[in-house]
Amino acid sequence: MGRRYEPSEFEPRWQRVWADERIDEASEDPADERPRFYALDMFPYPSGDLHMGHAEAFSGGDVVARSAKMRGHNVLHPIGWDAFGLPAENAAIKRGVAPAPWTYANIDQQERSFRRMGMSFDWTRRLATCDPEYYRWTQWLFLRFFEKGLAYRKAAPVNWCPNDQTVLANEQVIQGACERCGAVVERRNLTQWFFKITDYAQRLLDDEDQLIQWPERVLTMQRNWIGRSEGARVTFSIEETGEEIEVFTTRPDTLWGVTFFVFSVDHPAVERLAQLGGTWGEVEPMIQRARAAAMASREEADTKEGAFLGVHAVNPVNGEKVPVFAAPYVLMEYGTGAIMAVPAHDERDFAFARQHDLPVRVVIQPEGSEPIDPDSMTAAMPHDGVMVNSGPFDGEPSPASIAKVAAWLQREGRGEATVNFRLRDWLLSRQRYWGAPIPIVHCPSCGEVAVPDDHLPVRLPDDADFSLGDRESPLARHPTWKHVDCPACGGEATRDTDTMDTFVDSSWYLFRYCSPGYEDGPFRREDVDRWMPVGQYTGGVEHAILHLLYTRFFTKVLYDLGMVGFTEPFPRLMNQGQVIYDGASMSKSKGNIVEPMPLVERWGADSMRLMMLFAGPFEDDIDWKLIAGEDPDRRPGVHSWLGRVFAAAGAAAERGASAPEPSSLVRLTHKTIKGVTDDLDRFRFNTAISKLQVLTNEIRATLDAGGGAIDAARALVQMLAPFAPFAAEELWRVDLGEPASVHRSSWPAYDPALVLDEAVTMVFQVDGKLRDKAEVSADIDEAGALELARASPKVLAAVDGREIVQEIVRIPKLVNIVTKR
RNA sequence: GCGAGAGUGGCGGAAUCGGCAGACGCGCCGGGUUUAGGACCCGGUGCCCGCAAGGGCGUGGGAGUUCGAGUCUCCCCUCUCGCACCA
């Protein structure tokens, strides 16, 4: 019956037809009244052909886009490439191919693969961030940030690989070593460009309530990354110099317990103060040692190393002079790079005090307890209880007194309540070739001058020497590129020779999709406001912090600039799991890489997509070894299923309406429509597919029994369309004889009355244990149910003459008879 | 250490509201078809006892709430992920 499933025969054919019919293009027709839906996938990095992670993510994203369209939406489902970045330069260095042709060749390859996989992208909006027409607007946006004071230059310590002669992003430093060559990374002070994301820290937290469907763990990661702490800034002074030094503390109520003071080893005041204190000779080797240890391994930095600077700090609350140290356990990046140390109530300070024989003074203790002898302490005390040894605050409850202490500090001019964030400004400059040049000119007389908008883009030279091994970056060492006239005064000046972090490029691509080819700005506000915010964003959890946080920041800046009418770009986010092999990530060195395109060639695009989607919940990892086995020639179960769908739908079409469709099949069809629709709403593609398999089995059984199944088959084919677009189209247009694409058809509707079962299985329990079942009508009443239960011989046997104390009846599902035991 | 999530057959997983645990699929077993292999079709398949009828056990472990717990509460164990001297 039916017909054979030969995907290689029709998949390429429908791919061509869909391109000709332009079925995947979003409609910009003003008369089109369908609600708009923006289905966005995180755009890929073109470092070769598509891998399994892409196959998984985009298969899910395509189900979202295709099902939204069938359910009546005007869908925007664009694609592009995050095309700047280090891998292109690595390839250039390794293979001697320039970054641009290498990148574009990979883009073309990935586009072919996407088309072959049946991804429903609107190709008219394709973009690549390395296109000059794109990065022109990246530069334009940078200049708007610059004008607003949100892009600025300052000297900062950065990661520098002495072997590769380049700065590295934090992500490229693995346990203190260069990701590429393994050399120990150095810290260097370089003048770098930053975006002032810290200005938006509070808003990034506050707007979380707009992120209505984000995975909880991503929200948590962002919250932790932003790291908001309430506390106080307190001004200490150095006795020997009189200079004021601020510290941040979350516990100003412990100020009376300060017994020493610690600077980060990277604090700029350390060398000067140690020279003054006459201890630089001992301090400097400690700092060198500490830096080396911190770089080599984070674990080694656990020791409470440190050195006395020979100077003293004055505690503003009681005038006490305490010794000042430099120690690696104080981070330069957090707070002010200096701390007041309260060893009685802080584990780290306590460990340091014990190591260096420093006094410990308890200032908070449990209410009513005897004074605590610091010498008997083996660990820091919990800091809740009653304040003691704290001058005017003795007897105050803590931590409830924090606000009171902070207010007192402010009145006394010794500090103030404040909020501190862990988030730091975004270092965006890179000394690399393959990125968008920073559109700034450095003029000896005018300073930092913006390149005028009408001179954009500042193009990359295509004759740069992008090899490594020199001290200067490729743009800096180019013989002519950087030499320009100052746009302000016309005098001799030089271009900024840094390029932008690729995360800048990817922070606004989603806006550009709305206005493809627009030449008067990065996008048209009306286009963006029409399509955005994004209806559903799909991509990897590896971007949980950087990309997602940066794009949220960009959106808020664009809002403040009046360029868009919303403050959150993607209220709904879905993360696919990883595709791993035998419990480990796939990698070349392990030789366990499975690629999607060979699967597509062997079994067809539909089977590849279904393997991904049926393997388990979308957000869970897929262990390929477990779902596919080790034999690549073994037919995937989903492929066999498609074979049965073809046989069944084909046979149902041949039989048509000549035989009646049994009501049980009709009911199952409606139930399946409801179930699959609900599953799509919660991204449970695996259970949606299993429901389609159940329907398939029932259609087959109906046909075997001589019944008709044409309506069921039609619904099945339509519901199959988002998951297996080629097979569905073949059956729809060829076997079912429909003239137009299944992907333009309307999602089947269900009759709520037919979703409810006519007959259900009622279970009879005795003392909560299943003893018997009966098929009953769905509208059975309680008395009838009880009567049935009491009449059951199995129930009677189980009751065994004991006294019945309670009868629980839940029509139409269950009766539970409780006996006295 | 802190934070988040998870633990169900041989395997991937299902159970959406506290009500038949194991849907669907893979694998395996038996049968059919086939020159053979593959493919396909039919049946079986949580574990234990039993020829069977039937019975017992069963969702990481332990307690609790409930007529009833994979699901809710508490404690413990294990695993995964993220952060990790954040003052």
Side-chain angles (χ1 to χ4, degrees), chain A residues 4 215-221 223-225 227-229 231 247-251 254 262 264 294 298-299 301-304 327-331 333-342 345-349 351-352 420-423 541-542 544-545 577-578 583 610-611 614-617 619-629 633-641 643-644 647 675 678-679 681-682 684 686-697 700 704 760-770 772-773 794 797 805-810 813-819:
Chain A
R4 282 180 61 82
E216 192 54 46
R217 65 172 168 158
V218 177
L219 287 175
T220 307
M221 283 164 73
R223 230 176 275 137
N224 292 343
W225 186 263
R228 184 182 193 277
S229 305
V247 299
F248 172 75
T249 177
T250 53
R251 295 302 300 253
T254 63
V262 191
S264 165
R298 284 180 180 275
E299 282 81 70
D302 271 346
T303 63
K304 282 291 175 280
Y329 86 92
V330 174
L331 305 176
E333 301 81 27
Y334 186 78
T336 63
I339 62 153
M340 58 180 230
V342 186
H345 304 289
D346 182 281
E347 284 300 339
R348 300 153 300 181
D349 296 346
F352 191 86
N420 192 60
F421 292 94
R422 202 188 79 113
L423 183 70
V541 74
E542 67 272 18
I545 295 172
Q578 279 194 63
L610 287 169
M611 285 177 87
F614 188 56
E619 63 274 17
D620 288 4
D621 288 353
I622 296 174
D623 193 326
W624 196 258
K625 186 181 177 184
L626 297 180
I627 70 146
D633 284 327
R634 197 178 80 194
R635 181 178 299 264
V638 291
H639 189 274
S640 307
W641 170 53
R644 292 193 288 274
D678 291 349
D679 284 348
D681 285 340
R682 55 191 188 115
R684 298 303 285 269
N686 55 330
T687 53
I689 291 165
S690 90
K691 289 178 174 80
L692 296 178
Q693 293 176 337
V694 172
L695 183 60
T696 307
N697 294 342
R700 277 150 40 90
D704 285 347
V760 295
T761 304
M762 172 169 269
V763 304
F764 301 136
Q765 298 177 338
V766 176
D767 296 324
K769 287 194 172 173
L770 177 69
D772 202 3
K773 316 176 184 192
K794 290 179 185 170
V805 288
Q806 201 181 354
E807 285 163 324
I808 312 280
V809 183
R810 295 281 181 277
K813 301 199 89 168
L814 151 150
V815 174
N816 186 15
I817 294 177
V818 186
T819 68

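Computed from heavy atoms alone, side chains included, the values below leave out hydrogens, waters and symmetry copies.
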Exercise. Rounding to the closest angstrom, what is the interatomic distance between B/U34 and B/C42 at atom C1'?
Worked result: 16 Å
For this session: Based on the glycosidic angle (syn within 90° of 0, else anti), state the conformation of B/C17.
Result: syn
For this session: Have a look at A/Val262 and say if it touches a base, only the backbone sugar-phosphate, or nothing, with a 4.0 Å heavy-atom cut-off.
Result: nothing
Exercise. A/Thr220: what forms a side-chain hydrogen bond (donor to acceptor under 3.5 Å, both in side chains) with it, not counting sequence neighbours?
Worked result: none
Exercise. Are the side chain of A/Asp349 and the backbone of A/Val342 linked by a donor-acceptor contact shorter than 3.5 Å?
Worked result: yes
For this session: Could you pick out which residue, A/Lys794 or A/Ser690, lies toward the 5' side of RNA chain B when each is mapped onto its nearest nucleotide?
Result: A/Ser690
Problem set entry | B/U80 phosphate, OP1 or OP2, under 4.0 Å from A/Arg217 side-chain N/O | no
Seminar exercise, completed: Sorted by chain and number, sequence neighbours left out, ring pair (Phe, Tyr, Trp, His ring centres under 6.0 Å) with A/His345 holds for none
Problem set entry | Check ion pair A/Glu216-A/Arg223 (N to O, under 4.0 angstrom) | yes
For this session: Would you classify A/Gly335 as touching base, sugar-phosphate or nothing, given that sugar-phosphate means primed atoms plus P, OP1 and OP2, and contacts are heavy atoms under 4.0 Å?
Result: nothing
List, with names and distances, any nitrogen or oxygen atoms from the protein found under 3.5 Å away from nitrogen or oxygen atoms belonging to nucleotides 12-16 of chain B.
{"residue": "B/G12", "atom": "O2'", "partner": "A/Ala615", "partner atom": "O", "Å": "2.4"}
{"residue": "B/G13", "atom": "O3'", "partner": "A/Asn686", "partner atom": "ND2", "Å": "3.4"}
{"residue": "B/A14", "atom": "OP1", "partner": "A/Arg684", "partner atom": "NH2", "Å": "2.6"}
{"residue": "B/A14", "atom": "OP1", "partner": "A/Asn686", "partner atom": "ND2", "Å": "3.2"}
{"residue": "B/A15", "atom": "OP1", "partner": "A/Arg682", "partner atom": "NH2", "Å": "3.3"}

Would you tabulate the nitrogen or oxygen pairs shorter than 3.5 Å linking the protein to nucleotides 18-20 of chain B?
{"residue": "B/G19", "atom": "O6", "partner": "A/Arg810", "partner atom": "NE", "Å": "3.0"}
{"residue": "B/G19", "atom": "O6", "partner": "A/Arg810", "partner atom": "NH2", "Å": "3.3"}
{"residue": "B/G19", "atom": "N2", "partner": "A/Gln765", "partner atom": "OE1", "Å": "3.3"}
{"residue": "B/C20", "atom": "O2", "partner": "A/Lys773", "partner atom": "NZ", "Å": "2.6"}

Problem set entry | Candidate nucleotides B/G27, B/G25, B/G3, ranked by approach to the side chain of A/Thr220 - the nearest | B/G3
Seminar exercise, completed: Across all chains, not counting sequence neighbours, the side-chain hydrogen bond (donor to acceptor under 3.5 Å, both in side chains) partners of A/Trp225 are none
For this session: Counting Watson-Crick and G-U wobble pairs only, both distances under 3.5 Å, name the nucleotide matched with B/G1, or none.
Result: B/C83
Problem set entry | Sidechain-backbone polar pair: A/Asn420 side chain, A/Ser229 backbone, donor-acceptor under 3.5 Å | no
Seminar exercise, completed: Separation of B/A4 atom C1' from A/Trp225 atom CH2, nearest Å, is 17 Å
Exercise. Tell me, do A/Phe248 and A/Ile339 make a side-chain contact under 4.5 Å, heavy atoms counted?
Worked result: no
Exercise. Closer than 4.0 Å, any side-chain N/O of A/Lys769 to the OP1 or OP2 of B/C57?
Worked result: yes
For this session: Round to the nearest Å and state the distance from A/Glu216 atom CD to B/G5 atom P.
Result: 7 Å
Exercise. Who is the Watson-Crick or G-U wobble partner of B/A6, with both distances under 3.5 Å?
Worked result: B/U78
Seminar exercise, completed: Heavy-atom contacts, protein to nucleotides 40-49 of chain B, under 4.0 Å, summarised as B (base), S (sugar-phosphate only) or - (none) per nt, yield SSS-------
So which protein nitrogen or oxygen atoms get under 3.5 Å of nucleotides 8-10 of chain B's nitrogens or oxygens?
none

Seminar exercise, completed: To the nearest angstrom, the CG-C1' distance between A/Asn224 and B/A4 comes to 9 Å
For this session: Give, for atom OG1 of A/Thr336 and atom CG of A/Leu331, the distance between the pair rounded to the nearest 0.5 Å.
Result: 11.5 Å
For this session: Name all residues meeting the salt bridge (charged side-chain N to carboxylate O under 4.0 Å, His left out) criterion together with A/Asp679; count only those two or more places apart in sequence or in a different chain, and write none if there are none.
Result: A/Arg682, A/Lys691
Exercise. For the pair made of CD1 in A/Ile622 and C1' in B/C11, what is the distance, rounded to whole Å?
Worked result: 15 Å
Exercise. Between B/C41 and B/G58, how far is it from one P atom to the other, in whole Å?
Worked result: 38 Å
Problem set entry | Span that lies between the C1' atom of B/U65 and that of B/C72, in whole angstrom | 8 Å
Exercise. In the structure shown, which nucleotide is the Watson-Crick or G-U wobble counterpart of B/G27, with both distances under 3.5 Å?
Worked result: B/U45
Exercise. Between A/Asp620 (side chain) and A/Gly577 (backbone), is there a donor-acceptor pair under 3.5 Å?
Worked result: no
Seminar exercise, completed: Residues passing the ring pair (Phe, Tyr, Trp, His ring centres under 6.0 Å) test with A/Phe352, sequence neighbours excluded, are A/Phe260, A/Phe325, A/Tyr329, A/His356
For this session: Counting Watson-Crick and G-U wobble pairs only, both distances under 3.5 Å, name the nucleotide matched with B/A14, or none.
Result: none
Seminar exercise, completed: Separation of B/G3 atom P from A/Arg422 atom CZ, nearest Å, is 16 Å
For this session: Check side-chain hydrogen bond (donor to acceptor under 3.5 Å, both in side chains) between A/Asp681 and all other residues, then give those that pass, not counting sequence neighbours.
Result: A/Arg71
For this session: Return the value, rounded to whole Å, for the distance between atom OH of A/Tyr334 and atom P of B/C83.
Result: 17 Å
Exercise. Does the side chain of A/Asp346 come within less than 4.5 Å of A/Arg251's, by heavy atoms?
Worked result: no
Seminar exercise, completed: Residues at least two apart in sequence or cross-chain that pass side-chain hydrogen bond (donor to acceptor under 3.5 Å, both in side chains) with A/Glu807, listed by chain then number, are A/Arg790
Problem set entry | Listed partners of A/Glu333 passing salt bridge (charged side-chain N to carboxylate O under 4.0 Å, His left out), at least two apart | A/Arg187
Exercise. Step by step, would you call A/Leu814 with A/Met762 a side-chain contact (heavy atoms from CB on, under 4.5 Å)?
Worked result: CA-CA 5 Å; A/Leu814 151 150; A/Met762 172 169 269; 5.6 Å; no
Seminar exercise, completed: Whole-Å distance, A/Asp772 CG to B/G54 C1', equals 13 Å
Exercise. Expressed as a whole number of Å, how far does the C1' atom of B/U8 sit from that of B/A69?
Worked result: 14 Å
For this session: Check the distance between B/A84's P and A/Glu333's CD and give it to me in whole angstrom.
Result: 11 Å
Seminar exercise, completed: Judged by whether its glycosidic angle lies within 90° of 0, B/G82 is anti
Seminar exercise, completed: The Watson-Crick or G-U wobble partner of B/G19, with both key distances under 3.5 Å, is B/C67
Exercise. B/C29 and B/C47: how far apart are their P atoms, nearest whole angstrom?
Worked result: 15 Å
For this session: Could you say whether A/Val638 or A/Asp633 is positioned toward the 5' end of RNA chain B, judged by the nucleotide with the nearest heavy atom to each?
Result: A/Val638
For this session: Write down the partner of B/C40 under the Watson-Crick or G-U wobble criteria, each distance required to be under 3.5 Å.
Result: B/G32
